[in-house]
J.: 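Dumping the structure here so I can ask a few things about it.
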Amino acid sequence: MHLMKPIAALIALALSGPVLAACSGNVVIGESAAEITSTVANKTIGASCLNDLIVDTAAEGANYGNHGEFVAYLTRLAAGLVKSRDITLREAAKLVASAARSDVGKTLHVRVIAFNDFHGNIDGANLTLRSDADNIFRLNAAGQRIAVPAGGVDYMAGLVKQLKAGAPNSVVVSAGDLIGASPLNSALFHDEPTIETMNRLGLDFNAVGNHEFDEGRDELLRIQNGGCHPTDPNSCRGNFVGTPYPFEGAKFDFLAANVVDTASGNTLFPAYGVKDFKGNRVAFIGMTLEATPSIVTPSGVAGLEFRDEADTVNKLVGKLKRRGIDAVVVLVHEGGFAPGSINGCTGVSGPIVDIVGRLDDAVDLVVSGHTHQAYNCNLPNSTGRTIPVTSAGSFSRVMTNIDLTLDTKTRDVIAVSAENKLVDRSNFLGAAEPIQPVAEISTLVANYNSLVAPIANRIVGSITANINRVRTAAGESALGDVIADAQLYASAPADKGSSVIAFMNTGGIRADLTFASSTAGEGNGNVTYGESFTVQPFGNSLVVKTMTGQQLYDLLNQQWGANQFADGGRTLQVSNGFTYKHTFTPNSSPLGANYVCDGSVMLNGAPIDKAASYRVTMNSFLATGGDNYTAFNLGTNQLGGDVDLDALELYFTANPSGVAPGARDRIQKVASCN
C-alpha cells in the first residue's frame with residue numbers, strides 16, 4: 001500500500017504543473033543515532049525527493065510490526081521505482097541493502113492512555129483541580145489560589161482523540177471504580193450513562209474496582225452484558241437520550257484476575273485482555289484490591305473470593321509466556337500516596353509499594369488507583385528492577401499518557417515513558433491545540449442532565465457555611481458530625497428505634513457541602529438534592545440495633561484493628577452527646593491494639609456502662625460488618641429505618657435557619673489515658 005505515496009506524488013505533479021523539488025545529498029534511512037546513509041543520491045522524482053517517498057520515521061507514519069516488514073516494503077517500493085525508470089536496478093539494490101542494515105521496524109511504539117477512579121463523573125462543569133507543585137491554580141479577586149476547571153467525559157474523549165492522533169497503536173484503560181459512588185446524573189440511571197459515554201470514548205479495558213460491586217455481582221454482570229434493570233424504571237433511558245434501547249452494556253472488557261467464584265472456581269470476569277499491535281501482543285491483567293470484601297456491603301460479594309494481587313499476577317505470567325506474550329501491563333485497583341506534583345513520587349507509601357515489590361520481573365508497567373492520588377513513579381519489583389507505576393487521581397480530571405517501546409524481535413517492552421496530563425477544560429495551560437470536547441458525548445451528558453434536573457435541582461435545605469470532610473488529628477470531620485446528627489435525629493423517635501447514639505463511616509461521605517456563592521459574592525447556602533446525593537450516593541438505609549456498653553468499646557477499638565488503615569482512614573463519625581478519648585496516632589501507632597481510654601466513653605456527660613444496653617444507629621453498610629466493623633453484627637433487636645438521604649433532608653427541614661458545621665469536639669486524641 002506504500003506504493004501509493006509515489007503514485008500520489010506523480011498525480012499531484014500532473015495536476016499542479018512541473019514544480020520540482022530541490023533535492024540534495026544521499027538517501028538516509030531511519031532517524032536520530034540509528035540513521036543509515038546510503039550511497040544512492042536523493043534525486044528528484046516528480047514533485048518530491050526520493051528520500052521523502054520512503055516512509056521510515058514516526059513523523060511520516062512509519063508503523064512496521066517488525067524489521068522484515070520494513071525491508072519488504074522498501075523492496076516493493078524500489079521495484080516500483082525501477083519499473084517507472086526513476087531509479088536504476090543497482091540503486092534499488094543499494095536502497096534495500098541500506099534498509100536491511102537499518103533499525104527501522106526493530107521497535108514498535110504503543111500508547112497506553114490510562115485513568116482511574118472515574119466514579120461516574122460524566123459532567124465536568126463543576127469539576128476542578130489544584131496542584132500548587134505544578135502551578136495548576138488560579139488567583140481569585142482576593143489573590144488566593146483556587147483550582148482550575150478540569151475533567152468531564154467529553155473533554156476526556158477530546159484528550160484521547162488528541163493522544164491517539166499521533167499514535168497508530170493505542171489502547172485506553174481504566175484501573176477501576178469506573179462506576180459507583182457517582183453523581184446523581186449517572187447514579188440515578190444505575191451508571192448506564194457512564195458506560196454509554198465510555199463506549200463512545202473508546203475505553204478498551206477496565207479493571208474492576210471495589211465500587212463496581214456497590215450493587216452486587218448480578219448488577220455488575222448486567223452492566224457488562226447489557227439489558228434493563230429488573231425493577232427500576234430509571235434504567236434503559238436510551239429512547240430519551242439517543243442511545244440504543246435496551247441498554248447496550250459495556251463494549252469494553254471488565255477484568256478481574258483475582259476475583260473468583262467459589263462455587264465454580266472460575267474468575268467472575270476475564271483475568272486479562274490482549275491487544276495485538278501488528279503482531280506484537282500486549283497483555284493487560286486487571287485486578288480488584290484484595291480488601292474489597294471489607295469495604296463493600298458483604299451481601300454484594302457473597303460467594304466471591306478476592307485473592308492476593310501480586311500472587312495472582314505472578315501465577316499468570318507463565319500462562320502468558322506459554323502464549324508467546326512477553327509484554328505485560330497490570331491494571332490494579334489499589335494504590336499509594338505520593339504528595340506533591342501530579343508527575344512526582346515524593347515519599348511514596350501505601351499498599352502499591354508492597355504489591356509492586358513482589359511482582360514477577362515480567363511485568364513492564366503498573367497502572368494503579370483506589371487512593372485518588374496522582375503520581376508517576378518508578379518502584380522496585382521482586383528483583384530490584386524499577387518499573388513505572390502510575391495513577392491519575394480521580395473524577396476524570398487527569399489522564400496518563402504512557403508510551404511503551406517494544407522490541408519487535410523479542411516482543412517485549414524495552415522502554416516506558418509516562419506523563420500525567422490535566423484534562424484541561426479552559427486551556428489554562430495554554431496548549432497550542434486546546435482540548436476540544438467530543439460533541440456526541442457532550443450531547444449525551446446534556447440529555448441525561450435534562451432528565452435528572454427536576455430531581456437534582458430541588459432545594460432540600462440550607463447550610464450556614466462550608467461543611468467539609470477534613471478530619472482532625474483525632475479523626476473527626478464537621479460533615480461527619482452533621483450526618484451522624486441527622487441519622488440520630490431520624491432514628492430517635494420511638495417508632496423509628498429510640499436511638500441514643502449514631503455512627504457514620506467516613507468512606508461513605510464522598511464530597512463536601514459548599515456554601516454556594518452568587519455573582520455578587522454573597523452566598524445563599526442552599527443545598528440541592530443533587531448536592532446531598534453527591535455527599536451520600538450509596539442509598540443506604542438506617543438500621544437501629546441494641547448494643548452493650550462493652551460492645552461499644554470493642555467497636556471503637558476496631559477503628560484501629562489489624563485490617564484497617566494505618567492513617568486511621570476509617571474512623572467512625574459520631575453523633576452529638578457521644579464523646580470519647582483515644583491515643584492512636586495516624587501512621588505511627590501499630591494496628592491491632594486497643595487505644596480507647598477506659599472510662600472516657602460518655603453519653604450526654606455520663607460514662608457508658610459496659611453492662612448496660614443502648615440503642616444505636618448505623619447505616620445498612622455498617623450493620624452487616626462493612627469496613628471490618630464486625631462488632632455491629634453483634635447488635636440485637638434490629639429495626640430498619642429511613643434512607644440516609646431522607647434522614648439528612650429531614651434534618652435540614654428541622655433546621656430551617658440553616659445547618660452549621662459540626663464543632664469537631666466529640667473525639668479527642670490524647671497523649672496518654674492517665
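In this text the structure is predicted, and so the values were computed from the model without any measurement.
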J.: Does the pair D218/R222 count as a salt bridge with the N-to-O cut at 4.0 Å?
T.: no
J.: Count the heavy atoms belonging to other residues, nucleotides or ligands that lie under 6.0 Å from CG of N427, then report whether that count exceeds 12.
T.: yes
J.: To the nearest 0.5 Å, what is the distance between OG on S98 and CG on L74?
T.: 8.5 Å
J.: Identify the two heavy atoms, one from V348 and one from C377, that lie closest to each other, and give their separation to 0.1 Å.
T.: CG2-SG, 4.1 Å
J.: With rounding to the nearest 0.5 angstrom, report the CD1 to CZ distance, I36 to R101.
T.: 5.0 Å
J.: Please report the interatomic distance CG(L422) to CD1(I342), rounded to the nearest 0.5 Å.
T.: 6.5 Å
J.: Check the angle between the aromatic planes of Y73 and F70 and answer parallel, tilted or perpendicular using the 30° and 60° thresholds.
T.: tilted
J.: With no hydrogens and no angle check, is any side-chain donor or acceptor of R411 less than 3.5 Å from a backbone partner on L406?
T.: no
J.: Can you tell which of T194, N121, T197, D123 makes a side chain to side chain donor-acceptor pair (under 3.5 Å) with S186?
T.: T194
J.: Which pair of non-hydrogen atoms, one from A256 and one from T288, has the smallest distance, and what is that distance?
T.: CB-OG1, 4.3 Å
J.: Measuring centre to centre across the rings, with the benzene-like ring taken for any Trp, is F538 within less than 6.0 Å of F621?
T.: no
J.: Show, in sequence, the C-alpha distance, side-chain angles and deciding distance for N376 and T390, and conclude whether the side-chain hydrogen bond (donor to acceptor under 3.5 Å, both in side chains) test is met.
T.: CA-CA 5 Å; N376 189 354; T390 68; over 6 Å; no
J.: State plainly whether the residues K106 and D407 are in salt-bridge range, i.e. N to O under 4.0 Å.
T.: no
J.: Do S182 and D191 pass the side-chain hydrogen bond (donor to acceptor under 3.5 Å, both in side chains) test, and can you show the C-alpha distance, the side-chain angles, and the key distance before you say yes or no?
T.: CA-CA 8 Å; S182 306; D191 278 318; 2.8 Å; yes
J.: Show the nearest heavy-atom pair for residues D117 and H370, with the distance to one decimal.
T.: OD2-N, 2.8 Å
J.: What do the steps show when you test N314 against D360 for side-chain hydrogen bond (donor to acceptor under 3.5 Å, both in side chains), and what is the final call?
T.: CA-CA 6 Å; N314 294 343; D360 189 286; 5.9 Å; no
